[in-house]
*Asks:* 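Have a look at the structure that comes next, please.
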Amino acid sequence: MSGDVADQRETTPMSTVLDEFSWRGMLQDSTDGAAEHFAEAARTAYIGFDPTAASLHVGSLLPIMGLVHLQRAGHTPIALVGGGTGLIGDPSGKTQERQLLTREKAAENAEGIRRQLEHFLDFGAVSNSARMRDNLDWLGALPLVDFLRDIGKHFSVNQLMAKESVKRRLADEETGISFTEFSYALLQSYDFLELFRQEGCTVQLGGSDQWGNITSGIDLIRRVEGERAFGVVFPLVTNSAGTKFGKSEAGNVWLDPDLTSPYRFYQFWINTEDQDVVRYLKFFSLLPREEVEALEVSVRDEPHTRRAQEALARDVTRRVHGDAGLAGAERATQALFGGDVTGLSAMEIADIFSEVPSSKVGRDALSGAGRSLVEVLADCGVASSRGDARRAIEGGGVYVNGQRITEVDRTVGMDDAVDGRFVVLRKGKKNYHLVEVEG
RNA sequence: GGUGGGGUACCGAAGCGGUCAAACGGGGCAGACUGUAAAUCUGCUGGCAUAGCCUUCGGAGGUUCGAAUCCUCCCCCCACCA
């Protein structure tokens with residue numbers, strides 16, 4: 001890298017967006033000239049999101065952060081919701097033909113995604129406000145004959161068949177690939193072309209699995225418009241354990257608080273392994289380089305303080321769930337991992353444990369001799385069966401109101417209910433369950 | 001269509017008339033140690049009224065005092081040959 005280029009970057013802050021991606025480890029690959037393209041002027045760039053579900057999960061967080069960095073650097077980010085392509089399905093990375101979404105479902109999901117993206121991007125900025133588009137706007141009204149003439153003409157079936165995702169499916173006699181999915185690359189390329197025409201969008205970003213689709217779009221723009229466009233792809237997020245990133249014991253970690261509570265969301269990040277935490281800080285937080293580097297030192301020299309995990313959890317949770325969501329998650333964490341439950345009032349418990357799974361039980365069931373703990377554990381789902389509950393107690397893994405229970409025949413009665421209203425059950429270190437007394 | 005091999009618990013895989021709720025490995029859960037990390041070690045891992053009973057070994061019948069194990073029929077996979 002020569003000196004004068006560096007100087008130029010000093011004076012134009014938006015030139016740094018690829019540098020930003022680069023030091024954060026987010027830059028897997030980019031087409032030639034992409035860095036210069038961003039350096040020269042404020043650009044418009046887009047990323048597509050598939051409306052396969054009504055909520056995004058943390059697996060989509062990296063591309064979202066990509067848009068955030070673009071906007072911060074002065075460029076205009078477009079989030080393209082694939083209301084149209086969602087009806088088709090991208091064969092990339094899929095070994096099976098995809099289940100088709102209904103139009104209603106795709107529209108509903110697109111709307112949910114739209115709401116979530118608003119947490120990350122500024123849609124009301126003066127100069128480079130983020131935009132949201134839905135490709136159903138142009139795909140839905142596209143006459144087949146026009147599509148074949150104007151778009152299909154530019155694609156070589158020979159090249160499409162050479163694509164890795166298509167090749168693998170062709171090799172598999174059993175599954176094969178439908179014409180519908182085979183055509184997916186054309187549709188995504190057409191999206192890029194439309195955004196180029198309508199929005200002056202010259203760059204497409206995406207996960208590294210999108211590289212082929214992105215370059216197809218670039219080619220299409222060159223052929224149809226005679227103009228140059230660019231692509232940037234992010235790496236696949238992995239964790240050091242080799243398991244899929246974004247899964248917790250409870251399954252996918254969603255951005256929707258109704259699907260994954262802010263408390264669970266926060267806990268997902270707090271539990272990040274040392275080996276992954278610095279990489280994740282670069283990917284998912286907006287902390288500046290110096291701070292990330294300081295935290296990296298902290299992970300090395302004083303790992304027990306877990307400052308890096310905390311910084312990560314705070315930054316990401318605040319962005320997704322807001323200050324109130326973060327505060328609630330931290331309060332619950334503090335009470336659950338820091339202190340003793342028995343000292344709290346019913347109101348405090350209700351507040352803190354609103355994040356935690358709960359069930360109700362009738363007052364009369366607990367009066368008198370009470371119910372056997374084994375039964376209660378099995379009924380509320382903390383244990384999968386009575387035998388499981390029994391074994392968990394025998395293994396020393398069950399707590400009532402923070403006190404370890406050792407007697408298998410222990411009963412739960414009204415005197416266990418804090419303020420006569422709540423019993424806090426816990427199995428293992430992290431699994432809490434709140435039993436609310438009714439009536 | 002033919003021949004051969006096979007279907008066992010969450011997964012992989014032993015068992016091949018009683019001693020089988022079924023070895024072993026993985027996964028999962030819990031415990032210890034820690035830092036709500038990783039690694040390691042330990043225990044548990046069909047259900048229930050837990051020294052006992054009930055339901056499981058592709059499905060349905062049968063033989064037997066007794067079957068995951070033997071017989072019959074059926075279903076499904078895999079390999080090779082057509």
Side-chain angles (χ1 to χ4, degrees), chain A residues 172-175 238-253 260-281 283-285 295-317 326 328-341 352-353 355-357 369-400 402-411 424-433:
Chain A
D172 184 352
E173 303 265 342
E174 295 283 312
T175 9
T238 55
N239 67 22
S240 59
T243 50
K244 198 172 187 306
F245 169 77
K247 299 272 189 190
S248 74
E249 317 79 56
N252 268 327
V253 178
T260 300
S261 73
Y263 165 73
R264 294 214 171 281
F265 189 83
Y266 180 87
Q267 285 290 320
F268 169 77
W269 297 104
I270 272 285
N271 281 307
T272 303
E273 292 172 24
D274 291 3
Q275 284 183 52
D276 296 322
V277 69
V278 172
R279 209 155 38 93
Y280 288 1
L281 275 167
F283 282 170
F284 305 119
S285 81
L295 288 168
E296 188 166 9
V297 171
S298 167
V299 172
R300 195 184 60 224
D301 295 343
E302 38 160 30
H304 55 278
T305 61
R306 313 183 65 258
R307 281 178 50 215
Q309 277 90 343
E310 196 184 318
L312 174 68
R314 286 180 59 91
D315 192 87
V316 182
T317 307
L326 172 63
E330 287 192 309
R331 245 192 345 269
T333 295
Q334 189 53 36
L336 267 40
F337 291 97
D340 184 11
V341 191
I352 289 163
F353 288 84
E355 296 285 355
V356 152
R371 292 185 72 199
S372 103
L373 175 59
V374 167
E375 255 174 65
V376 175
L377 288 169
D379 288 355
C380 70
V382 171
S384 62
S385 71
R386 295 178 185 201
D388 186 43
R390 201 166 267 123
R391 281 179 231 114
I393 296 171
E394 279 166 359
V398 172
Y399 303 76
V400 172
Q403 305 274 301
R404 174 178 277 167
I405 302 303
T406 47
E407 314 84 47
V408 174
D409 53 359
R410 170 74 145 75
T411 57
V424 180
L425 300 176
R426 176 180 145 206
K427 188 182 113 183
K429 230 167 255 177
K430 305 177 197 172
N431 305 308
Y432 282 89
H433 186 97

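Residue numbers begin at 1 in each chain, while the letters A, B, ... track the order of the sequences. This one's a predicted model, so the numbers in the text were calculated from it and none came from an experiment.
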*Asks:* Between A:Lys430 and B:A37, is there a contact of a side-chain N or O with OP1 or OP2 at under 4.0 Å?
*Replies:*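 Answer is yes, contact under 4.0 Å.
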*Asks:* Could I get the full list of salt bridge (charged side-chain N to carboxylate O under 4.0 Å, His left out) partners for A:Arg331, not counting sequence neighbours?
*Replies:*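 By the salt bridge (charged side-chain N to carboxylate O under 4.0 Å, His left out) rule, A:Arg331 matches A:Asp351.
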*Asks:* Check side chain to side chain contact (heavy atoms under 4.5 Å, CB included) between A:Arg306 and all other residues, then give those that pass, not counting sequence neighbours.
*Replies:*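 Counting only residues at least two positions away or on another chain, A:Arg306 forms a side chain to side chain contact (heavy atoms under 4.5 Å, CB included) with A:Ile270, A:Gln309.
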*Asks:* With rounding to the closest Å, how many angstrom separate the C1' atoms on B:G43 and B:A49?
*Replies:*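 The same atom, C1', in both gives a distance of 25 Å.
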*Asks:* Can you check the distance between B:C57 and B:A21, where both ends of the measurement are the C1' atom (answer in whole Å)?
*Replies:*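 Each nucleotide's C1' atom is 10 Å from the other's.
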*Asks:* With sequence neighbours left out, what residues match A:Val408 under side chain to side chain contact (heavy atoms under 4.5 Å, CB included)?
*Replies:*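 Checked A:Val408 against side chain to side chain contact (heavy atoms under 4.5 Å, CB included); matches are A:Val374, A:Arg390, A:Ile393, A:Glu394.
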*Asks:* Applying side chain to side chain contact (heavy atoms under 4.5 Å, CB included), name anything that partners A:Pro303, two or more places apart in sequence or on another chain.
*Replies:*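 Residues passing side chain to side chain contact (heavy atoms under 4.5 Å, CB included) with A:Pro303: A:Asp274.
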*Asks:* Considering only atom P, compute the distance from B:A9 to B:A23 and round it to an integer number of Å.
*Replies:*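 Result for the P pair: 13 Å, nearest Å.
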*Asks:* For B:U34, give its Watson-Crick or G-U wobble partner with both distances under 3.5 Å, or none.
*Replies:*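 When the pairing criteria are applied, nothing turns out to pair with B:U34, so the answer is none.
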*Asks:* Answer yes or no: does a side-chain N or O of A:Asn271 lie under 4.0 Å from OP1 or OP2 of B:A38?
*Replies:*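 Answer is no, no contact under 4.0 Å.
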*Asks:* Identify the nucleotide, in any strand shown, that forms a Watson-Crick or G-U wobble pair with B:C16, with both distances under 3.5 Å; if there is none, say none.
*Replies:*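 Because no pair has both required distances under 3.5 Å, B:C16 counts as unpaired.
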*Asks:* I'd like a table of atom pairs between the protein and nucleotides 32-34 of chain B - only N or O on both sides, under 3.5 Å - with the distance next to each one.
*Replies:*
unit_1, atom_1, unit_2, atom_2, d
B:A32, OP1, A:Arg404, NH2, 3.2
B:U34, O4, A:Lys429, NZ, 2.4

*Asks:* Taking any strand in view, what nucleotide pairs with B:G1 in a Watson-Crick or G-U wobble way, both distances under 3.5 Å?
*Replies:*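 Answer to the pairing question: B:C81, which forms a Watson-Crick or G-U pair with B:G1.
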*Asks:* So what does A:Gln309 touch, heavy atoms closer than 4.0 Å: a base, only the sugar-phosphate, or nothing?
*Replies:*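 Base contact.
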*Asks:* With both distances kept under 3.5 Å, what pairs with B:C73, Watson-Crick or G-U wobble?
*Replies:*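 Pair assignment: B:C73 / B:G59.
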*Asks:* Can you tabulate the close N/O pairs, meaning under 3.5 Å, that link protein atoms to atoms of nucleotides 46-48 of chain B?
*Replies:*
unit_1, atom_1, unit_2, atom_2, d
B:G47, OP1, A:Ser385, OG, 2.8
B:G47, OP2, A:Arg391, NH2, 2.8
B:C48, OP1, A:Arg386, N, 3.0
B:C48, OP2, A:Ser385, OG, 3.3
B:C48, OP2, A:Arg386, N, 3.4
B:C48, OP2, A:Gly387, N, 2.9

*Asks:* Restricting to salt bridge (charged side-chain N to carboxylate O under 4.0 Å, His left out), what partner residues turn up for A:Arg410, sequence neighbours left out?
*Replies:*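 Scan of A:Arg410 (salt bridge (charged side-chain N to carboxylate O under 4.0 Å, His left out), adjacent residues dropped) gives A:Asp416.
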*Asks:* Across all strands, who's sitting opposite B:C29 as a Watson-Crick or G-U wobble pair, both distances under 3.5 Å?
*Replies:*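 Its partner is B:G43 (Watson-Crick or G-U wobble, both distances under 3.5 Å).
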*Asks:* Salt bridge (charged side-chain N to carboxylate O under 4.0 Å, His left out) with A:Arg371: which residues, sequence neighbours excluded?
*Replies:*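 With sequence neighbours excluded, A:Arg371 shows a salt bridge (charged side-chain N to carboxylate O under 4.0 Å, His left out) to A:Glu375, A:Asp379, given in chain and number order.
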*Asks:* Considering heavy-atom distances to RNA chain B, does A:Gly428 or A:Gln267 have its closest nucleotide positioned more toward the 5' end?
*Replies:*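 The residue whose closest nucleotide sits nearer the 5' end is A:Gly428.
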*Asks:* Should the ring pair A:Phe283 and A:Tyr280 be called parallel, tilted or perpendicular, given that the plane angle runs from 0 to 90° and is split at 30 and 60?
*Replies:*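 A:Phe283 and A:Tyr280: parallel rings.
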*Asks:* Restricting to side chain to side chain contact (heavy atoms under 4.5 Å, CB included), what partner residues turn up for A:Asp388, sequence neighbours left out?
*Replies:*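 Here the qualifying residues are A:Ala383, A:Ser384, A:Ser385, A:Arg391, A:Lys427.
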